[in-house]
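Here is the naming used below: chain letters follow the sequence lines, and residue numbers restart at 1 for every chain.
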Amino acid sequence: MTRDPICFEEIQIVQAPGFETGGFSVDDLCSGINVVHGPNAAGKTTLAESLEWLCWPETADERASLVGQLSLNGEDWRVEVDNGRTSYQRDGQEANGPSLPPADQRDRYRLSLHDLLQRDNNNESFAEIIERESAGGYDLSAAYDELRYSDSPSRANRNVVQNAKGAIQELREAQNDVSELRQEQNELSRLRGELEAARQAQERSELLEQAIDYAQARNQLEQAESRLDEFPDILDQVDGDEIERVRSLEDNIDEWTDKKDEAEETKTDAQERLDEADLPEEGLPTGRIDHLKELRDDLDSAEDRKRDLQGDLADAQRQRETARDDIPLDVDTGDLVDLEPVTWKTVSKFAREAEELQSERETREAVQRLLEDGEHPEPDLPTLQRASQSLEEWLAASVSTESNDGSEAFRIAVFSAVSLASTGIALGLLVHPLLFSILLVGAGIFWYGLRARSQSKDGGDSREPHRKSFEKTGLNPPAGWTEDEVRSRLIGLYDAIAAHKLAERRSEWRDSLATDSDTLEQKEQDLEETRAKLQDQLGAAPDASDVELAVISKRVLDWQEAHDEVEGIQESIETVDDQIETAREELQAKLDPYSYDDVERSGEATEAIRNLENREQQREAAQRDLDQATETIQEATEKIGALADERDEIFAALDLDSDDHERLEELCEQVEAYESAAEDVREANIRANTEAEELESYPGFEPDLKKQEIADLREDLREAERTAEDFDDLQSRIADIKAEIRQAKSDDQVETALAERDRALDDLKDQLEDDCAAMVGDVLVDHVQEATMETSRPDVFERAREILTTITRGRYRLDFDEAEAEFRAFDESKQKGLALDELSSGTRVQVLLAVRIAFVEQQEQGVQIPLLLDETLANTDDRRAKTIIESTIELARNGRQVFYFTAQGDEVAKWTAALESTNSVNHEIIDLATVRDVDDSVHIPDLDSIESFTPKSPSPDGHDHSSYGDELKVDSFNPHRGVGTAHLWYVVDDVETLHQLLELGIEHWGQLNNLLQWGNGDLSSVDSEQVTVVEENAAALNEFVDAWKVGRGEPVDREVLEASGAVSSNFIDEVSKLAESVNGDGRQIVEALHNEISGFYSSKANELETYLEENEYIELRETLDQGQIRARVIERYVDEGISRDEAKDRTENLLSRINKN
Amino acid sequence: MMEDALELLYTGDLHLGRHPSRIPDDLDGPELSPKAVWLSTVQEAIDRDVDAVVIAGDIVDQENRYFEAYGAFEDGIAQLDEAGIPVVVVAGNHDFDALPDMVDNLDSDTLQFLGREGQWERWTLEQDGEPVAHFDGWSFSAEHVYESPLEEYELPETDDAPQIGVLHADLDSRGSRYAPVLSSELRDTPADAWLLGHIHSPGIQIDSRPLALYSGSPQPLDPGEQQAHGPWTITIPKNGEVRAEQIPLASVRYDQVSVDVSEVDDPQEATSVISEEIKEHVRSELDTRSLELSLVRVHLTGRTDAHSTLVDQHRSMERDLGFREGSVSVRIESIDVDTRPAIDLEDLAEGDNAAAYLANLLLEIENGDTRESYGNVVDDSLAAVRQAHSANAYNPLRRETELGDPDGTDAIEHLEQQARVLLDTLLSQKGGNA
């Protein structure tokens, strides 16, 4: 549809806000582009508003008063707005206003930079309208939302994925547990083997420990032996007390030596004494002294006898004398001697018998008388006996006190007894034999005396008691208490006692006489006969009585007897003298050798004998001493010898010099140590033997073990212990495994994990189904949109797209996001869609300009309203200014009047330059300063040329395709960024065409493709055949990109890295750089993070990896190799209708171009 | 049963270690494990005092073929051993490696593993010194076996006792990697019966001599394994036909129920209709003696105004619909919305707006020809489906399952569904249906 434009030719501002006192007029406005410049407050805004108000007077400020001249449909129109009143004239005629778009759309025509860059403008209303209208009234977007469609796999329910992964992981773990258990089960036999080995090692350890014990014992033995060997061998014979013994022996020797010496002295002394004794060496013959004493005793007794005999002789001689005197016969002595004894015997016998008979008769008569007057004399016998005893004791006491024994009493008793005996004998002989019994009395007296003596020995030392005792008897005491008197009295007592005895006897006799009277007669007869014979024989007168006879006979006999006794005594004296002589001689002879001369008397002999005896004793003592000394010397000598021998033996036994005491002592001192050492050896030996036996008792004993060194054994032991120490572990490990197996057999861990996995995978399948549904829905909605857009999308969108494509030289394509109901721009050279707020301000202005202009074009009904651009270029760079200027020129070229207001001189210059180079559009530069005639005009710089906005392409002359690429410095092609980003060099084979396109400002395939689809004829100058070639190449390149992308995730950039949350701000720069360096390859980034970027946590790298995987930045598929990619590209060429051969060639070309850069 | 008849308890494809799929979390438990059903099967064999138990392979699941499965199997074998019931087993593709190990490690006199190393093997069951049955078995020795085990083997013919073939094989599936065997091959053998494993759905394959059947897995493992499952009793009378009877010991059952929701206007109504249909299904179809859980896949059909809502809400309906019927918990395994919007496409197709576009698209899909006018849409849909499939999020699916590469059919299916839903939605924007 073409519509006529309104074209202001002149405007008169009579009054307006800010120009209350007077306005200004602008004429010479052209139908094309009017660049109005002037300083601030010069009236630009007022002019712009005035233009608006003139179009829509109802919106005019009431204070404004304006007049506009304009042309429309070839008619001149005059519009007056004056304080709210509006009037129109068409060709000078009053008229209604022309049909213009509604006033509420007026802002569509006023494009201020400020407005365009505002986000919250009413572009959205444009979008909604476009969307709804394009779908034919259905709200696809709402349906899309309602059905939760999506163009990518759902990321909403990650739990499902995580659950699945978790369940799989759990299953893996459960299966791994099983695998591990399987391995462990498989290991069981090995473990059992090891256990057995460990057990054996334990035994071996014990064995080795024992072997070590043995080796230690053995070593100790060796050491002990070695220590023992250090001692002299002889020590084994040393008892240790040898030195003591030697010393003791030597002490003994000394002792014995002393004894010997002493004996020697004794000996000398004895010898001297022997010499002194001067006796034969052998001493006196045995019994010599006794013999001498006997001899002396003999001599002595002989002398005594001689004296006795001499006394007896004298007595006998006196008796003989007496007897001679008694003999009434006168006869010679010789006759007397010669009288026949036998006759005397007979006479004696007759006398005796006559006497006896007479005696007997007289006795009998006497006895008769005695017996008849016999009365017991006084006092009585016991008193007498007591008295006698007292006297005896008295005497005895006196004897004892006079150091004499009781011999005094004894002597008295003996004397009395003898007297009595004599009397008895005499009486017996002479009177009657019975009178011999008087002897008994005498014997009693003797006995009494004997007792008195013996008693006297015990007697007291005082005579007084005895005297008293005597006095108690009441008898007449002695005449005086002298010994003689006492003795005399005692004799009297004895006589008295004897009288008593006699009295007793008389009594006895009387009895016996009576019995003997018969025999007496007989005896008288016998006697008579005998008498006769005797008278005859004696020659005695026959009248001599018998008694005379008997007495004569008796006296003769007595004399004879006395004579015989004298004779006998004399003979005895001679004999004794002989004996004395003999004894003296014998004594003399015996004493003579001992130097005793003239021993005459026994006293001398006694003296000599005593002397000899003394000498003998001296000699014996000396001899004894000598012998003893000799013996001692002998003994000592022997002892000393023996001791010395013993001592020498000690030395000799030890092979020492006898005097080597030092050595011996040394040895003895060593004995203890030696014995200790020997004991050590013994003990060590015992221990070694014990240990050896113990060792040998082990079942695993090997003889070699006994020879091994401790170090080796220890090493073996350590090894064995190392093996053995595993025993418990192994045992428990085996038990554990068995337990685990038992447990596993009753377990359902894997089964449950499998079920959980299946369940999770079912959920995931459901989600996949949902994803497929959502994504197919997305595809479907796309297609519905596309289809309906093609048929019913408002022209406004198509126009806007066309305008944008045109004014951006194909760089941007206008898109419409149905879901969000908003415009987007697709950057063909980057192959990237962008929301408006993602665009640079320049591009955003271009997009909005396109949309605005399209709307203005499409929506405005009736006429074309002038566009008012208010400082649209302000603060823009040259390139953007250029595009806007060019865009605006494009609009103006289609017949729309454009006003551009600016206070910037350089903008004016740019416009001027641009407009002057474009001949097809009218333009007018209006300086408000000039119009209003003010001084401060905008300074317009002298720009050389606006041509500089358009880069010149290098000439292709002399270049082939490859070298031209070098000349162009073509960027390498990044497949990630899509085929649209490929420089045209890659797809345009012909360099001329390439140059031509570049001259048109088309650099990338996306631009060209955009222009081919949406452009409005700019490419008419390009060879269509070449365009076809370019399209084929682009399709092939697209195939290359698709194939290349297989297995490669979406490129990772800083934005992705930040979104992942896994890269902290500390690392983001470094990692972003890394991402760039690896062309956004997620896999490589993660690997590099693990290995190259120091300090980056592995966990974070894993987190990033998970994020990249989940968000498709890392794809798990394998990439295609070059061959596969080539094949696909070839196929694509073929699909495009190219022969296979040519396709191959062109594929090679294409790939070589890609690879080149 | 005749007294002198031989009675076997036959099962296979136990897949011990695996768990039935799609069981709602809240109802799941060890009693739904195949292990439980295996032990029930063992108890059944003991109770029935069968002459032997035959297991036709895949005793354990490949993915969990060690301890857990082993333990349960061991327990069962021990019980049978104690009861003096011999067990004949062959290895399948899942336990070709695990079963020999298990058998070797089991100290059981009565367990007969036949066909080790892929070599046919015969074991004769004797009673009182007399043979009462010959079992000829063959086992997998690798995961894949491309040839028929019967190809170069002739079963020896004997007349002293019945002959039972035990084989894990893929029947009548040429080119299968799992010991493809043809029915004709089985027919050519002197066996009285072929007890097969591999196919999880139970069923008699050859109903004449020799009888050939798949026991199916005693516990169904996924919704594809529908109907009743359990071991079978095989009765072989001395004279007469071999009989096979299934004992529905499975504690889980999968079924599909089609529900026509043409008459319903909203999901609530649909829910009650579906609920009624399922209850009816449970009451009429299910043997609930051993059953604990019935999982029903609902296929919704019909032309309904509620189409879009049903599509939108079918997941929540799946979750919400559930009840108990006697001792059985009944749940919806999934709802397959195959309804149509109540739209006159022909009418709508007139015009050039979005609705017309979609109506035309659906008409063409229904006509089976989309290439002419909608080739791009289909291509883009396929690309989208493929993109979805290739999304990293679905790596687990690709790795863990045999997620097929989507093709045009998948794309058209999705496209059709979305076109219907989108059309329905757009039309509803105008306050009513066209």
Side chain, backbone, both or neither of B/Asn105 within contact of chain A (heavy atoms, under 4.5 Å): neither
Any salt bridge (Lys or Arg N to Asp or Glu O under 4.0 Å) involving residues 169-179 of chain A? Give me the pairs, sequence neighbours left out, ordered by first then second residue. A/Arg172-B/Glu400
Side chain, backbone, both or neither: which part of B/Leu422 has a non-hydrogen atom closer than 4.5 Å to chain A? both
Whatever's closer than 4.5 Å to a heavy atom in chain B on A/Asp763 counts as neither
As an exercise, state the distance from NZ of B/Lys35 to OG of A/Ser746, rounded to the nearest 0.5 Å. 8.0 Å
For A/Glu1115, is it the side chain, the backbone, both or neither that has a heavy atom under 4.5 Å from a heavy atom of chain B? both
Tell me, side chain or backbone of A/Leu768 under 4.5 Å from chain B's heavy atoms, or both, or neither? both
For B/Ala69, is it the side chain, the backbone, both or neither that has a heavy atom under 4.5 Å from a heavy atom of chain A? neither
So, the part of A/Val779 with a heavy atom under 4.5 Å from chain B: the answer is side chain
B/Ala419 versus chain A, the contacting section by heavy-atom distance below 4.5 Å: both
Side chain, backbone, both or neither: which part of B/Pro406 has an atom under 4.5 Å from a heavy atom of chain A? neither
In terms of heavy-atom pairs under 4.5 Å with chain B, the winner among A/Val178, A/Leu780, A/Ile1114 is A/Leu780
Residue-level interface, residues 181-192 of chain A with chain B, non-hydrogen cut-off under 4.5 Å: A/Leu181, A/Arg182, A/Gln185
Please classify the contact between A/Leu147 and chain B as side chain, backbone, both or neither, with a heavy-atom cut-off of under 4.5 Å. side chain
Can you tell me how far CG of A/Asp771 sits from OH of B/Tyr394, rounded to the nearest 0.5 angstrom? 3.0 Å
Proximal component of B/Ile23, with respect to chain A [non-hydrogen, under 4.5 Å]: both
Under 4.5 Å to a heavy atom of chain B? For A/Arg148 that would be side chain
Nearest-0.5 Å distance, CZ of residue A/Arg759 to OG of residue B/Ser21: 9.5 Å
Please look at B/Asp28 and chain A and tell me whether the side chain, the backbone, both or neither of the residue comes under 4.5 angstrom of a heavy atom of that chain. side chain
Under the rule for side chain to side chain donor-acceptor pair (under 3.5 Å), what residues qualify as partners of B/Ser334, not counting sequence neighbours? B/Arg297
With respect to chain B, which residue among A/Gly777, A/Gly1049, A/Ala773, A/Ala164 yields the maximal number of heavy-atom pairs within a distance under 4.5 Å? A/Ala773
Heavy-atom pair with the smallest gap, counting every atom of A/Ile168 and B/Pro396: CD1-CB, 3.3 Å
Within a strict 4.5 Å, meaning less than it, do heavy atoms of the A/Asp748 and B/Ser33 side chains meet? no
Which bit of A/Gln743 is near chain B, if near means a heavy-atom gap under 4.5 Å: side chain, backbone, both or neither? neither
I need the A/Asp762 CG to B/Asp222 CG distance, nearest 0.5 Å. 9.5 Å
Ranked by heavy-atom pairs below 4.5 Å to chain B, first place among A/Leu754, A/Asp758, A/Thr752 goes to A/Leu754
If you tally heavy-atom pairs under 4.5 Å against chain A, which of B/Pro20, B/Ala355, B/Ala72 wins? B/Ala355
CD (A/Glu756) and NE2 (B/His19) are apart, to the nearest 0.5 Å, by 8.5 Å
Between OG of B/Ser381 and CE of A/Met775, what distance do you get to the nearest 0.5 Å? 10.5 Å
What residue in B/Leu16, B/Val311, B/Val385 has the most heavy-atom pairs under 4.5 Å with chain A? B/Val385
Measure B/Arg399 against the heavy atoms of chain A and call it side chain, backbone, both or neither at under 4.5 Å. side chain
Answer with side chain, backbone, both or neither: which region of A/Glu1109 has an atom nearer than 4.5 Å to a non-hydrogen atom of chain B? both
Quick one: which residue pairs count as a salt bridge (Lys or Arg N to Asp or Glu O under 4.0 Å) with a foot in residues 63-75 of chain B, not counting sequence neighbours? A/Lys745-B/Glu74, A/Arg757-B/Glu63, B/Arg65-B/Asp97
Nearest heavy atoms of A/Val776 and B/Leu415, plus distance in Å: CG1-CA, 3.5 Å
